[in-house]
Amino acid sequence: DIILSQKELLPGASRGQARDRYQRYLSYTSTVMQNRATAPVGSATITAVLVDDEKLASDELSYQLQQFPDIEVAAVASNGLEAVKLIEDLEPDLVFLDVQMPGLDGLGVVRTLKERDIPLPHIVMATAFDQYAVEAFRMEALDYLLKPIEADRLDVTIERARKVIGERQRSLLAAEPQTVTPKPALQ
């Protein structure tokens, strides 16, 4: 891992801006190292799709998610229609979904998936606006993150996703019929 200097992190920024950003960066890298050390051993990969009309926001989230070895970003969509298609095609475990997007917004994506009877992945709403939280949870969102996404808050979300997805996988395995190979008879 490379630790950047203040000058490299924010070229052209004022001294105060660079210092603040650098402190957040150091805090973030410290959290990343802790996550790597405590990642679940032998855990299954969780596939994720990121949906945001702002490329910088989806790039930042994708970068943050690299710190979780069991999270695989399968695709990134820049609008709601693209999101519906990717979710239908890829069937990800987890979707990080921006609420406010031109055209089909994040809540509209969830409604469209339900209308088309497309199996819903676990949805994490990620937005700069808190006024959509109640509606998001009504639509059974797993979590609701405010941008800019803080590392410790993302940790909580990923832990919640691991738990819920792990429980779903265990219940699916338990529901499958068990084939028992008969033991040979003793003679």
> Any idea which heavy atoms bring Gln169 and Ala44 closest together, and the distance?
Replying inline: OE1-CB, 4.2 Å
>> side chain to side chain contact (heavy atoms under 4.5 Å, CB included) for Arg162 and Asp70? Distances and angles first, verdict last.
In response: CA-CA 9 Å; Arg162 285 176 180 144; Asp70 56 330; 2.7 Å; yes
>> Ignoring hydrogens, what is the shortest heavy-atom contact between Pro92 and Leu86? Give both atom names and the distance.
In response: CD-O, 4.5 Å
>> Checking Val124 against Arg160 for the side chain to side chain contact (heavy atoms under 4.5 Å, CB included) test, could you report, in this order, the C-alpha distance in whole Å, the side-chain angles of both residues, the deciding distance, and whether it holds?
In response: CA-CA 10 Å; Val124 175; Arg160 183 175 291 154; over 6 Å; no
>> So Leu97 and Val110, do their side chains get closer than 4.5 Å, heavy atoms only?
In response: yes
Pairs under 3.5 angstrom only: tabulate donor-acceptor contacts from the side chains of residues 71-78 to other protein residues two or more places apart or in another chain.
unit_1 : atom_1 : unit_2 : atom_2 : d
Ser78  : OG     : Glu82  : OE1    : 3.2

> Would you call Leu142 and Ile123 a side-chain contact if the rule is heavy atoms closer than 4.5 Å?
Replying inline: no
>> Ignoring hydrogens, what is the shortest heavy-atom contact between Val84 and Arg116? Give both atom names and the distance.
In response: CG1-NH1, 3.4 Å
>> Let's go through Leu90 and Thr47 carefully: what are the C-alpha distance in whole Å and the side-chain angles of both, what is the deciding distance for side chain to side chain contact (heavy atoms under 4.5 Å, CB included) to 0.1 Å, and is it a yes or a no?
In response: CA-CA 9 Å; Leu90 300 176; Thr47 57; over 6 Å; no
>> For a 4.5 angstrom cut-off between non-hydrogen side-chain atoms, does Val49 reach Pro121?
In response: no
>> Take a 6.0 Å sphere around NZ of Lys114 and say whether it holds more than 12 heavy atoms from other residues, nucleotides or ligands.
In response: yes
> Residues two or more places apart in sequence or in another chain: which of them pass side chain to side chain donor-acceptor pair (under 3.5 Å) with Arg153?
Replying inline: Asp143, Thr157
>> Tell me the closest heavy-atom pair linking Gly80 and Val109, and the distance in Å.
In response: CA-CG2, 3.5 Å
> Between Lys147 and Leu61, does a side chain to side chain contact (heavy atoms under 4.5 Å, CB included) hold up when you go through it step by step?
Replying inline: CA-CA 10 Å; Lys147 296 179 197 173; Leu61 180 56; over 6 Å; no
> What are the two closest non-hydrogen atoms of Val99 and Asp105, and how far apart are they?
Replying inline: O-CB, 3.0 Å
> Are Ile118 and Leu81 linked, directly or through other ILVMFWY residues, by side chains that come within less than 4.5 angstrom of each other?
Replying inline: yes
>> Would the distance check show the side chain of Ser62 and the main-chain N or O of Ser58 forming a donor-acceptor pair, the cut-off being under 3.5 Å?
In response: no
>> With heavy-atom distances below 4.5 Å as the criterion, would you say the side chains of Phe96 and Asp52 are in contact?
In response: no
>> Measuring only between side-chain heavy atoms, which start at C-beta, is Ile46 closer than 4.5 Å to His122?
In response: no
> Linking I/L/V/M/F/W/Y whenever any side-chain heavy atoms sit under 4.5 Å apart, do Val156 and Leu154 land together?
Replying inline: no
>> Could you check whether any side-chain heavy atom of Leu65 comes within less than 4.5 Å of a side-chain heavy atom of Ile158, counting everything from C-beta outward?
In response: yes
> If you measure from NZ on Lys85 to OG1 on Thr112, what distance do you get to the nearest 0.5 Å?
Replying inline: 14.5 Å
>> Testing the basics here: between Ala151 and Gln64, what is the closest heavy-atom pair and its distance to 0.1 Å?
In response: N-NE2, 4.2 Å
> How far does CG of Leu107 sit from CE of Met125, to the nearest 0.5 angstrom?
Replying inline: 4.5 Å
>> Using side-chain heavy atoms (C-beta onward) and a distance below 4.5 Å, is Met101 in contact with Val51?
In response: yes
